[in-house]
Amino acid sequence: QVQLVESGGGVVQPGRSLRLSCAASGFSFNQYAMYWVRQAPGKGLEMVAVAWSDGRKKFYADSVKGRFITSRDNAKNTLYLEMNNLRVEDTAVYHCARGIGIILHYFDFWGHGSLVTVSS
Amino acid sequence: DIILTQSPATLSVSPGGRATLSCRASQTISTNLAWYRQKPGQAPRLLIYGASTRATGVSATFSGSGSGTEFTLTISSLQSEDSAIYYCHQYNNWPPAFGQGTNVEIK
C-alpha cells in the first residue's frame, strides 16, 4: 500500500537550516508529482512546494521562495525539503503528499507529517 | 491568487443528520476542486476530487457538487467518526489554495 513517511523535523533557531525527507513506498514514485504542504499549530493548510515527477519542474509558495528548495531522488524514492533562513512563522507540521492530475494536482495520499519548530 | 472561502466556520449536527458545507472561489475554477477531512492529530484524507467524484473507499454518504465558483460538500447521514475539520482545495490555478476549513461537530 502507498506509504509516505516524513522525517527530519525538530527545534531550530531562527536563521538556521533544516532538511526534511519523505520516504515513499508502495507506488511508482517516479511517475508522480510530489508536494510539501504545511500546517501551522491550530491553523489551516498551506501548499509549500512541488516537484514534478522528473524533478525538473519545481514551484514554491511566495512565503518560502528563495529560502526553501525541494528536490527528489527517484532512485531512492525520496522527496526532500531544504529549509534555509528559517523564521518563527515557518513553525508547522510539514506533510508530503502525492499529486494526481495533469496540470495541477489534488492529493490522494498524505504522510503524517514532521513537526518543525522555529524558536530562539 | 484564488481565495477559497468556506462556510460556515463551525457546524453542529445531530447523529444521522445532514451536513451541508460550502466553498466559494474568488475566480472560476471549473470543477478542479477537492475536499479533505482531517481528524485531530491525523493527516488530511481525500474525500472528493473533480468537485463531485468520490475517492476510493469513501462512503456514499459523502457527495460533492458545484462548478465555477460555488461548491458544496454534503454528508447525508452524519456518524460520530465524521467529527473533523473539512477543507476544500482548488487545483485549477497556481498557486493551489485551501479554504480555511469547516469544523463539523456532532451534537
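Reminder, nothing fancy here: chain letters follow the sequence lines and each chain counts from 1. Everything numeric here is computed off the predicted structure, so don't read it as measured data.
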Asks: Side-chain contact, heavy-atom cut-off 4.5 Å: A:Met47 with B:Tyr91?
Replies: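 Side-chain contact under 4.5 Å: no.
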Asks: Name the member of B:Pro95, B:Ala43, B:Pro44 that forms the most heavy-atom pairs with chain A at distances under 4.5 Å.
Replies: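 That would be B:Pro44.
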Asks: Any salt bridge (Lys or Arg N to Asp or Glu O under 4.0 Å) involving residues 12-31 of chain B? Give me the pairs, sequence neighbours left out, ordered by first then second residue.
Replies: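 Of all non-adjacent pairs touching residues 12-31 of chain B, those that pass salt bridge (Lys or Arg N to Asp or Glu O under 4.0 Å) are B:Arg24-B:Glu70.
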Asks: Listed by residue number, which members of residues 111-120 of chain A have a heavy atom under 4.5 Å from any heavy atom of chain B?
Replies: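 Hits under 4.5 Å: A:Gly111, A:His112.
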Asks: Do A:Leu104 and B:Trp94 have side chains that approach each other closer than 4.5 Å (heavy atoms only, starting at C-beta)?
Replies: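 Sidechains of B:Trp94 and A:Leu104: in contact.
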Asks: Less than 4.5 Å to any heavy atom of chain A: does that hold for the side chain of B:Asn32, its backbone, both, or neither?
Replies: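 Neither part; nothing is under 4.5 Å.
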Asks: Measure distances from B:Ala55 to the heavy atoms of chain A and classify the residue's part below 4.5 Å as side chain, backbone, both or neither.
Replies: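 It is neither, since no heavy atom gets under 4.5 Å.
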Asks: So do the side chains of A:Tyr106 and B:Leu46 get within less than 4.5 Å of each other, counting heavy atoms only?
Replies: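 SC-SC contact between A:Tyr106 and B:Leu46 confirmed.
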Asks: Determine which residues belonging to residues 55-80 of chain A lie within contact range of chain B, meaning some heavy atom pair is under 4.5 Å apart, and list them by number or answer 'none'.
Replies: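 So far as heavy atoms go, A:Phe59, A:Tyr60 are the residues that approach chain B to under 4.5 Å.
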Asks: What are the residues of residues 81-97 of chain A, in order of number, with any heavy atom under 4.5 angstrom from a heavy atom of chain B?
Replies: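 Only A:His95 of residues 81-97 of chain A have a heavy atom under 4.5 Å from chain B.
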Asks: One pair to check against side-chain contact (heavy atoms from CB on, under 4.5 Å): B:Tyr49 and A:Asp108. What are the steps and the verdict?
Replies: CA-CA 9 Å; B:Tyr49 63 93; A:Asp108 66 340; over 6 Å; no
Asks: Distance check, rounded to the nearest 0.5 Å: A:Leu45 atom CG versus B:Gln38 atom CD?
Replies: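 Result: 5.5 Å between the selected atoms.
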Asks: What part of A:Gln39 is in contact with chain B, defined as an atom under 4.5 angstrom from a non-hydrogen atom: side chain, backbone, both or neither?
Replies: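 Only the side chain of A:Gln39 comes within 4.5 Å of chain B.
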Asks: For a quick test of reading the model, state the closest non-hydrogen atom pair linking B:Phe98 to A:Phe107 and the distance between them.
Replies: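 Here B:Phe98 and A:Phe107 meet closest at CZ-CE1, 3.6 Å.
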Asks: Around atom NZ of A:Lys43, are there more than 12 heavy atoms of other residues, nucleotides or ligands at under 6.0 Å?
Replies: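 No - once you tally the heavy atoms of other residues, nucleotides and ligands closer than 6.0 Å, there are 12 at most.
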Asks: Under a 4.5 Å heavy-atom cut-off, does chain B meet the side chain of A:Ile103, its backbone, both or neither?
Replies: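 Neither the backbone nor the side chain of A:Ile103 comes within 4.5 Å of chain B.
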